[in-house]
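This report refers to the structure that appears directly beneath it.
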Amino acid sequence: MNSIITGIIIAIVVFFLIQTVMPFPFGLVLGIGLGGIIIWYAKKHESRSKDSLLNYRRVDPINEFEKEQNDEALRILEKKYIEEKISKEEYLKMKKEFEDLEYNPRKCKVCGSEEFEFILEERIEEPGEHTSDLGYYKCKRCGQNEN
């Protein structure tokens, strides 16, 4: 959200600077165009805060490392509640999401197993592109792909 606000402020400044330098019809068109490009870029490259729970929480933890990530995210959630950065309602809602995750694990539709492995899809990433977790889960018991 902060990057969008910063983008809007920069777009407004650029718009007025172009308006003061260029004559009327050209300054208006160029100012609106560059302002729009700046806002679009800021919206597309929105960043999450370092302490965001979305950076830590794994939707379907399948190994100890991912379970530890969820425990760390829950610890951060409790810390934010204790420091009064979030309300009690927000805390309880987010904590319920974590509890639902723990008590409703993923199950294979074929054999009913709860053991999965994540198969990473080979992909060439462009320079500057964020690494992603593109791939799929595969049941360790029967080998069925989970979609």
Side-chain angles (χ1 to χ4, degrees), residues 1-109 114-139 143-147:
M1 186 68 172
N2 289 337
S3 62
I4 293 175
I5 293 171
T6 304
I8 291 172
I9 292 171
I10 291 172
I12 291 171
V13 169
V14 166
F15 175 77
F16 283 115
L17 286 176
I18 289 176
Q19 286 293 311
T20 58
V21 174
M22 296 187 80
F24 169 66
F26 304 110
L28 180 67
V29 171
L30 191 61
I32 290 173
L34 285 177
I37 290 171
I38 291 170
I39 292 172
W40 169 80
Y41 182 82
K43 193 173 184 180
K44 184 174 179 174
H45 296 339
E46 196 172 1
S47 63
R48 294 184 190 147
S49 116
K50 178 182 160 195
D51 294 334
S52 174
L53 290 176
L54 298 175
N55 290 338
Y56 292 102
R57 181 174 177 242
R58 300 298 296 206
V59 177
D60 291 322
I62 59 171
N63 57 32
E64 283 302 314
F65 177 71
E66 291 179 355
K67 289 177 184 175
E68 288 174 11
Q69 280 183 320
N70 281 353
D71 292 340
E72 178 69 13
L74 186 58
R75 187 192 66 74
I76 291 171
L77 176 66
E78 290 171 351
K79 180 180 175 186
K80 287 185 177 195
Y81 175 64
I82 290 170
E83 293 175 352
E84 297 180 355
K85 291 182 179 179
I86 59 173
S87 68
K88 185 174 184 177
E89 292 79 23
E90 290 174 313
Y91 169 74
L92 293 175
K93 178 183 170 193
M94 290 182 194
K95 186 173 180 183
K96 184 177 183 325
E97 290 177 17
F98 280 101
E99 289 170 352
D100 287 345
L101 180 70
E102 291 295 322
Y103 296 119
N104 298 318
R106 170 186 300 241
K107 290 187 179 181
C108 180
K109 295 174 185 171
E114 295 179 1
E115 296 180 20
F116 288 89
E117 63 179 330
F118 185 75
I119 307 297
L120 187 64
E121 291 182 348
E122 293 297 322
R123 182 172 163 240
I124 300 173
E125 296 182 4
E126 301 295 324
E129 185 180 21
H130 296 290
T131 57
S132 61
D133 293 337
L134 288 179
Y136 56 92
Y137 289 100
K138 183 176 179 181
C139 179
Q144 178 70 24
N145 293 345
E146 182 78 14
N147 292 334

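Note that the structure is a prediction, hence the values are computed from the model and not measured. We count residues from 1, following the sequence as given.
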From [X] atom [atom1] to [Y] atom [atom2], the distance as rounded to the nearest 0.5 Å:
X	Y	atom1	atom2	result
K79	L77	NZ	CG	12.5 Å
K88	K95	NZ	NZ	11.0 Å
I76	K85	CD1	NZ	10.5 Å
K43	I8	NZ	CD1	9.0 Å

More than 12 heavy atoms from other groups under 6.0 Å of CD on E84 |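 Atom CD in E84 is not crowded, with 12 or fewer foreign heavy atoms closer than 6.0 Å.
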
Where C108 and Q144 come nearest, the two heavy atoms and their spacing |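 Reported closest heavy-atom pair: SG-CB, 4.1 Å.
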
Please report the shortest heavy-atom distance between Y91 and E78, naming the atom on each side.
->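 Smallest interatomic distance, heavy atoms only, reads OH-CG, 3.6 Å.
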
Start with the C-alpha gap between E72 and R75, add the side-chain angles, then the distance that decides, and say whether side-chain contact (heavy atoms from CB on, under 4.5 Å) holds.
-> CA-CA 5 Å; E72 178 69 13; R75 187 192 66 74; 2.7 Å; yes

Option passing side chain to side chain contact (heavy atoms under 4.5 Å, CB included) with I38 (candidates I10, V13, I12) = I10

Of L34, L28, V29, the residue whose pairing with I32 passes side chain to side chain contact (heavy atoms under 4.5 Å, CB included) | L28

